[in-house]
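Reading through the C-alpha coordinates given below for one structure.
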Amino acid sequence: MHADRSFIRLRDLWKIYGHGENGLEALKGVSLDIAKGEIVSVMGPSGCGKTTLLNCLSGLDDVSRGEVWIEGTNYASLQAKQRDAYRAKHMGFVFQSYNLIPVLTAAENVELPLLCAGAKPKEARERAVLALSRVGLQERAGHRPGELSGGQQQRVAIARAIVNEPLIVWADEPTGALDSKTTIMVMDLIEHLNRTERITFVVVTHNPDVAGYADRTLYMDSGTVIDERKTPARRPRDDAAGGWA
(Lines give C-alpha, C1' and ligand atoms only; values in the text may rest on other atoms or scores of the structure.)
Protein backbone atom coordinates (compact mmCIF):
# COMPACT_ATOMS: atom_id res chain seq x y z
CA MET A 1 0.00 0.00 0.00
CA HIS A 2 2.85 2.39 0.87
CA ALA A 3 5.58 1.25 -1.51
CA ASP A 4 6.95 4.73 -2.25
CA ARG A 5 8.68 5.93 0.90
CA SER A 6 10.35 8.96 -0.62
CA PHE A 7 8.06 11.51 1.06
CA ILE A 8 10.18 11.84 4.21
CA ARG A 9 13.77 10.58 4.18
CA LEU A 10 16.33 10.67 6.97
CA ARG A 11 19.97 9.94 6.25
CA ASP A 12 22.57 9.45 8.99
CA LEU A 13 20.81 11.86 11.37
CA TRP A 14 22.67 12.88 14.52
CA LYS A 15 21.60 15.16 17.35
CA ILE A 16 24.25 16.01 19.93
CA TYR A 17 23.57 18.32 22.84
CA GLY A 18 26.66 20.08 24.15
CA HIS A 19 30.23 19.86 22.88
CA GLY A 20 33.30 17.72 23.19
CA GLU A 21 33.54 14.94 25.75
CA ASN A 22 30.47 16.25 27.57
CA GLY A 23 28.26 16.09 24.47
CA LEU A 24 25.11 13.99 24.78
CA GLU A 25 24.34 11.92 21.68
CA ALA A 26 20.54 11.93 21.61
CA LEU A 27 20.32 10.57 18.03
CA LYS A 28 23.04 8.41 16.52
CA GLY A 29 22.99 8.06 12.76
CA VAL A 30 19.28 7.42 12.24
CA SER A 31 18.19 6.65 8.67
CA LEU A 32 14.59 5.90 7.71
CA ASP A 33 11.92 6.55 5.08
CA ILE A 34 8.26 7.45 5.56
CA ALA A 35 5.70 7.29 2.76
CA LYS A 36 3.05 9.89 2.12
CA GLY A 37 -0.18 8.81 3.79
CA GLU A 38 1.42 6.49 6.34
CA ILE A 39 0.79 6.32 10.04
CA VAL A 40 4.12 5.52 11.68
CA SER A 41 4.44 5.01 15.42
CA VAL A 42 7.68 5.36 17.36
CA MET A 43 8.16 3.39 20.58
CA GLY A 44 10.94 2.85 23.07
CA PRO A 45 11.94 3.51 26.69
CA SER A 46 11.97 7.00 28.17
CA GLY A 47 15.04 8.95 27.12
CA CYS A 48 15.72 6.82 24.04
CA GLY A 49 15.38 9.74 21.60
CA LYS A 50 11.76 9.47 20.43
CA THR A 51 10.80 13.09 21.04
CA THR A 52 14.19 14.31 19.83
CA LEU A 53 13.59 12.41 16.58
CA LEU A 54 10.19 14.05 16.22
CA ASN A 55 11.64 17.49 16.89
CA CYS A 56 14.43 17.03 14.36
CA LEU A 57 12.05 15.67 11.73
CA SER A 58 9.73 18.64 12.17
CA GLY A 59 12.50 21.23 12.32
CA LEU A 60 11.74 22.32 15.87
CA ASP A 61 15.33 21.27 16.70
CA ASP A 62 18.38 21.79 14.53
CA VAL A 63 20.22 18.61 13.55
CA SER A 64 23.89 18.20 14.41
CA ARG A 65 24.59 16.42 11.14
CA GLY A 66 22.78 14.36 8.57
CA GLU A 67 19.87 15.06 6.26
CA VAL A 68 16.09 15.37 6.56
CA TRP A 69 14.40 15.36 3.15
CA ILE A 70 10.71 16.24 2.80
CA GLU A 71 9.09 16.26 -0.63
CA GLY A 72 12.53 16.25 -2.26
CA THR A 73 13.86 19.24 -0.28
CA ASN A 74 16.66 18.95 2.27
CA TYR A 75 14.51 20.45 5.01
CA ALA A 76 17.25 20.33 7.64
CA SER A 77 19.50 22.52 5.50
CA LEU A 78 16.97 25.36 5.17
CA GLN A 79 17.39 28.61 7.03
CA ALA A 80 15.32 28.90 10.21
CA LYS A 81 12.82 31.31 8.63
CA GLN A 82 12.35 28.97 5.66
CA ARG A 83 11.74 26.01 7.96
CA ASP A 84 9.30 28.08 10.01
CA ALA A 85 7.36 29.01 6.88
CA TYR A 86 7.23 25.43 5.61
CA ARG A 87 6.20 24.14 9.05
CA ALA A 88 3.39 26.69 9.36
CA LYS A 89 2.02 25.79 5.94
CA HIS A 90 2.47 22.02 5.79
CA MET A 91 2.72 20.63 9.35
CA GLY A 92 0.54 20.20 12.40
CA PHE A 93 1.37 19.21 15.98
CA VAL A 94 -0.48 17.33 18.72
CA PHE A 95 0.93 17.03 22.24
CA GLN A 96 0.05 15.06 25.36
CA SER A 97 -0.78 18.22 27.33
CA TYR A 98 -3.12 19.64 24.61
CA ASN A 99 -1.39 23.07 24.83
CA LEU A 100 -4.70 24.93 24.54
CA ILE A 101 -4.97 28.51 25.78
CA PRO A 102 -7.47 28.43 28.70
CA VAL A 103 -9.01 31.88 28.11
CA LEU A 104 -9.76 31.21 24.44
CA THR A 105 -12.71 29.26 23.09
CA ALA A 106 -12.21 26.11 21.04
CA ALA A 107 -12.70 28.06 17.81
CA GLU A 108 -10.25 30.75 18.94
CA ASN A 109 -7.63 28.13 19.82
CA VAL A 110 -8.02 26.45 16.44
CA GLU A 111 -7.91 29.66 14.41
CA LEU A 112 -4.84 31.03 16.19
CA PRO A 113 -2.23 29.42 13.87
CA LEU A 114 -4.05 30.86 10.85
CA LEU A 115 -4.15 34.34 12.35
CA CYS A 116 -0.45 34.13 13.18
CA ALA A 117 0.19 33.16 9.55
CA GLY A 118 -1.65 36.27 8.34
CA ALA A 119 -5.11 34.93 7.50
CA LYS A 120 -8.03 37.35 7.66
CA PRO A 121 -10.16 36.92 10.81
CA LYS A 122 -13.33 35.92 8.95
CA GLU A 123 -11.52 33.29 6.87
CA ALA A 124 -9.66 32.01 9.94
CA ARG A 125 -12.90 31.59 11.90
CA GLU A 126 -14.64 29.80 9.02
CA ARG A 127 -11.73 27.39 8.62
CA ALA A 128 -11.56 26.84 12.40
CA VAL A 129 -15.24 25.91 12.60
CA LEU A 130 -14.81 23.60 9.63
CA ALA A 131 -11.84 21.92 11.33
CA LEU A 132 -13.88 21.47 14.50
CA SER A 133 -16.66 19.90 12.45
CA ARG A 134 -14.12 17.45 10.99
CA VAL A 135 -13.39 16.20 14.52
CA GLY A 136 -17.04 16.22 15.59
CA LEU A 137 -16.91 19.31 17.81
CA GLN A 138 -18.64 22.06 15.85
CA GLU A 139 -21.23 22.44 18.61
CA ARG A 140 -18.43 23.05 21.14
CA ALA A 141 -16.83 25.90 19.15
CA GLY A 142 -17.76 28.49 21.79
CA HIS A 143 -16.60 26.45 24.80
CA ARG A 144 -13.34 27.11 26.62
CA PRO A 145 -10.95 24.21 27.40
CA GLY A 146 -12.06 24.08 31.04
CA GLU A 147 -15.59 23.32 29.86
CA LEU A 148 -14.46 20.33 27.80
CA SER A 149 -13.45 16.78 28.72
CA GLY A 150 -9.88 15.61 28.18
CA GLY A 151 -10.86 13.78 25.02
CA GLN A 152 -12.68 16.82 23.68
CA GLN A 153 -9.67 19.02 24.43
CA GLN A 154 -7.43 16.66 22.50
CA ARG A 155 -9.85 16.71 19.58
CA VAL A 156 -9.67 20.52 19.64
CA ALA A 157 -5.88 20.15 19.54
CA ILE A 158 -6.21 17.83 16.54
CA ALA A 159 -8.52 20.35 14.85
CA ARG A 160 -5.86 23.00 15.44
CA ALA A 161 -3.26 20.65 13.93
CA ILE A 162 -5.28 20.08 10.73
CA VAL A 163 -6.78 23.57 10.27
CA ASN A 164 -4.03 24.49 7.79
CA GLU A 165 -4.67 21.26 5.81
CA PRO A 166 -1.17 19.91 6.55
CA LEU A 167 0.72 17.18 4.78
CA ILE A 168 2.11 15.86 8.06
CA VAL A 169 0.95 15.79 11.68
CA TRP A 170 3.53 15.08 14.39
CA ALA A 171 1.93 13.66 17.54
CA ASP A 172 3.93 13.29 20.76
CA GLU A 173 2.11 10.98 23.19
CA PRO A 174 -1.30 12.24 21.97
CA THR A 175 -3.20 9.84 24.26
CA GLY A 176 -0.84 9.90 27.23
CA ALA A 177 -3.29 11.85 29.42
CA LEU A 178 -6.41 9.95 28.34
CA ASP A 179 -8.18 6.85 29.64
CA SER A 180 -8.42 3.73 27.48
CA LYS A 181 -11.90 4.45 26.10
CA THR A 182 -11.01 8.02 25.13
CA THR A 183 -7.71 6.81 23.68
CA ILE A 184 -9.62 4.59 21.28
CA MET A 185 -11.87 7.48 20.24
CA VAL A 186 -8.91 9.79 19.58
CA MET A 187 -6.99 7.13 17.64
CA ASP A 188 -10.10 6.28 15.62
CA LEU A 189 -10.24 9.96 14.69
CA ILE A 190 -6.57 10.04 13.70
CA GLU A 191 -6.99 6.92 11.59
CA HIS A 192 -10.10 8.36 9.94
CA LEU A 193 -8.27 11.58 9.04
CA ASN A 194 -5.35 9.56 7.71
CA ARG A 195 -7.58 7.37 5.57
CA THR A 196 -9.94 10.02 4.23
CA GLU A 197 -7.57 12.98 3.89
CA ARG A 198 -4.25 11.18 3.35
CA ILE A 199 -2.54 13.09 6.16
CA THR A 200 0.74 11.48 7.20
CA PHE A 201 0.93 10.92 10.96
CA VAL A 202 4.08 10.21 12.98
CA VAL A 203 3.07 9.24 16.52
CA VAL A 204 5.37 8.85 19.52
CA THR A 205 3.76 6.56 22.08
CA HIS A 206 4.38 4.18 24.97
CA ASN A 207 1.04 2.45 24.36
CA PRO A 208 1.08 -0.73 22.22
CA ASP A 209 -2.64 -0.28 21.50
CA VAL A 210 -1.92 3.15 19.99
CA ALA A 211 0.92 1.67 17.95
CA GLY A 212 -1.57 -0.89 16.66
CA TYR A 213 -3.23 1.86 14.61
CA ALA A 214 -0.01 2.51 12.70
CA ASP A 215 1.03 0.94 9.42
CA ARG A 216 4.34 0.14 11.08
CA THR A 217 6.20 0.80 14.31
CA LEU A 218 9.79 1.92 14.76
CA TYR A 219 11.45 0.79 17.99
CA MET A 220 14.18 3.02 19.40
CA ASP A 221 16.81 2.57 22.07
CA SER A 222 19.79 4.75 22.99
CA GLY A 223 19.29 7.13 20.09
CA THR A 224 18.98 4.56 17.32
CA VAL A 225 16.22 2.64 15.58
CA ILE A 226 16.77 -0.97 16.58
CA ASP A 227 13.76 -2.63 14.95
CA GLU A 228 10.81 -2.01 12.65
CA ARG A 229 7.60 -4.01 12.50
CA LYS A 230 4.65 -3.74 10.18
CA THR A 231 1.18 -3.89 11.69
CA PRO A 232 -0.46 -7.12 10.44
CA ALA A 233 -3.82 -5.52 9.62
CA ARG A 234 -5.28 -2.09 10.18
CA ARG A 235 -8.72 -2.39 11.72
CA PRO A 236 -11.61 -0.99 9.62
CA ARG A 237 -13.20 1.88 11.51
CA ASP A 238 -15.53 3.48 8.98
CA ASP A 239 -18.14 3.92 11.70
CA ALA A 240 -15.74 5.82 13.94
CA ALA A 241 -17.39 9.19 13.32
CA GLY A 242 -20.35 8.09 15.37
CA GLY A 243 -18.21 7.94 18.51
CA TRP A 244 -16.62 11.41 18.43
CA ALA A 245 -19.45 13.53 19.77
Side-chain angles (χ1 to χ4, degrees), residues 1-10 30 32-44 50-60 68-71 75 86-99 110 113 131 134-136 151 154-178 182-220 225 228-238 240-241 244:
M1 178 180 177
H2 299 294
D4 180 9
R5 290 183 175 174
S6 61
F7 180 52
I8 302 172
R9 306 184 71 173
L10 272 68
V30 177
L32 60 90
D33 298 325
I34 297 173
K36 187 172 184 178
E38 267 195 300
I39 301 178
V40 175
S41 65
V42 185
M43 298 191 73
K50 301 186 301 296
T51 295
T52 301
L53 177 65
L54 209 67
N55 290 343
C56 288
L57 275 167
S58 63
L60 291 177
V68 178
W69 293 81
I70 300 179
E71 291 190 298
Y75 181 62
Y86 186 95
R87 187 165 53 243
K89 186 175 182 181
H90 297 299
M91 297 180 182
F93 294 83
V94 181
F95 303 97
Q96 176 177 339
S97 58
Y98 318 139
N99 288 1
V110 173
R134 288 157 68 191
V135 302
Q154 192 60 299
R155 284 153 58 194
V156 172
I158 293 172
R160 182 183 57 196
I162 65 171
V163 72
N164 61 339
E165 299 183 358
L167 298 172
I168 312 160
V169 170
W170 314 101
D172 194 355
E173 296 285 359
T175 65
L178 305 177
T182 310
T183 290
I184 291 172
M185 293 173 63
V186 167
M187 290 310 301
D188 282 349
L189 170 58
I190 286 175
E191 186 179 51
H192 176 79
L193 292 168
N194 165 258
R195 186 174 62 252
T196 60
E197 303 187 23
R198 297 290 291 165
I199 299 172
T200 302
F201 283 86
V202 180
V203 182
V204 166
T205 183
H206 282 98
N207 188 337
D209 292 334
V210 170
Y213 282 81
D215 294 291
R216 58 195 171 104
T217 299
L218 307 175
Y219 295 88
M220 294 189 68
V225 176
E228 174 186 330
R229 300 178 191 173
K230 292 184 178 180
T231 303
R234 293 270 295 276
R235 71 188 75 178
R237 304 294 297 187
D238 290 324
W244 300 343

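All of these numbers come straight from a predicted model, not from anything done at the bench.
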Heavy-atom donor-acceptor pair, Gln154 side chain to Pro174 backbone, under 3.5 Å: yes

Side-chain donor or acceptor of Asn164 paired with backbone N/O of Ala88 under 3.5 Å: yes

Nearest 0.5 Å, please: how far is [atom2] in [Y] from [atom1] in [X]?
{"X": "Arg9", "Y": "Glu71", "atom1": "CZ", "atom2": "CD", "answer": "14.0 Å"}
{"X": "Phe95", "Y": "Thr51", "atom1": "CZ", "atom2": "OG1", "answer": "9.5 Å"}
{"X": "Lys89", "Y": "Glu165", "atom1": "NZ", "atom2": "CD", "answer": "11.5 Å"}
{"X": "Ile34", "Y": "Ile8", "atom1": "CD1", "atom2": "CD1", "answer": "4.5 Å"}
{"X": "Lys36", "Y": "Ile70", "atom1": "NZ", "atom2": "CD1", "answer": "12.5 Å"}
{"X": "Ile184", "Y": "Leu189", "atom1": "CD1", "atom2": "CG", "answer": "13.5 Å"}

Which of these, [options], sits in a side chain to side chain contact (heavy atoms under 4.5 Å, CB included) with [X]?
{"X": "Leu193", "options": "Ile158, Val169, Ile39", "result": "Ile158"}
{"X": "Val186", "options": "Val135, Val94, Val210, Leu178", "result": "Leu178"}
{"X": "Leu218", "options": "Val204, Val202, Val40", "result": "Val40"}

Provide the closest heavy-atom pair for [X] versus [Y] in the form atom of the first, atom of the second, distance.
{"X": "Met43", "Y": "Thr217", "result": "CG-CG2, 3.8 Å"}
{"X": "Asn55", "Y": "Ser58", "result": "O-OG, 3.2 Å"}
{"X": "Leu53", "Y": "Val30", "result": "CD1-CG1, 4.3 Å"}

Do [X] and [Y] have side chains that approach each other closer than 4.5 Å (heavy atoms only, starting at C-beta)?
{"X": "Phe93", "Y": "Arg87", "answer": "yes"}
{"X": "Phe7", "Y": "Leu167", "answer": "yes"}
{"X": "Met220", "Y": "Val42", "answer": "yes"}
{"X": "Leu10", "Y": "Leu57", "answer": "yes"}

Test side-chain contact (heavy atoms from CB on, under 4.5 Å) applied to Arg216 and Glu228, step by step: CA-CA 7 Å; Arg216 58 195 171 104; Glu228 174 186 330; 3.0 Å; yes

Ion pair Arg134/Glu197, N-O distance below 4.0 Å: yes

Lys50/Glu173 under salt bridge (Lys or Arg N to Asp or Glu O under 4.0 Å): CA gap, chis, key distance, verdict: CA-CA 10 Å; Lys50 301 186 301 296; Glu173 296 285 359; 5.3 Å; no

Parallel, tilted or perpendicular, as decided by the 30° and 60° cut-offs, for the rings of His90 and Tyr86: tilted

Could you tell me whether the side chains of [X] and [Y] share a donor-acceptor contact shorter than 3.5 Å?
{"X": "Ser41", "Y": "Thr205", "value": "no"}
{"X": "Tyr213", "Y": "Asn194", "value": "no"}
{"X": "Thr231", "Y": "Asp215", "value": "no"}

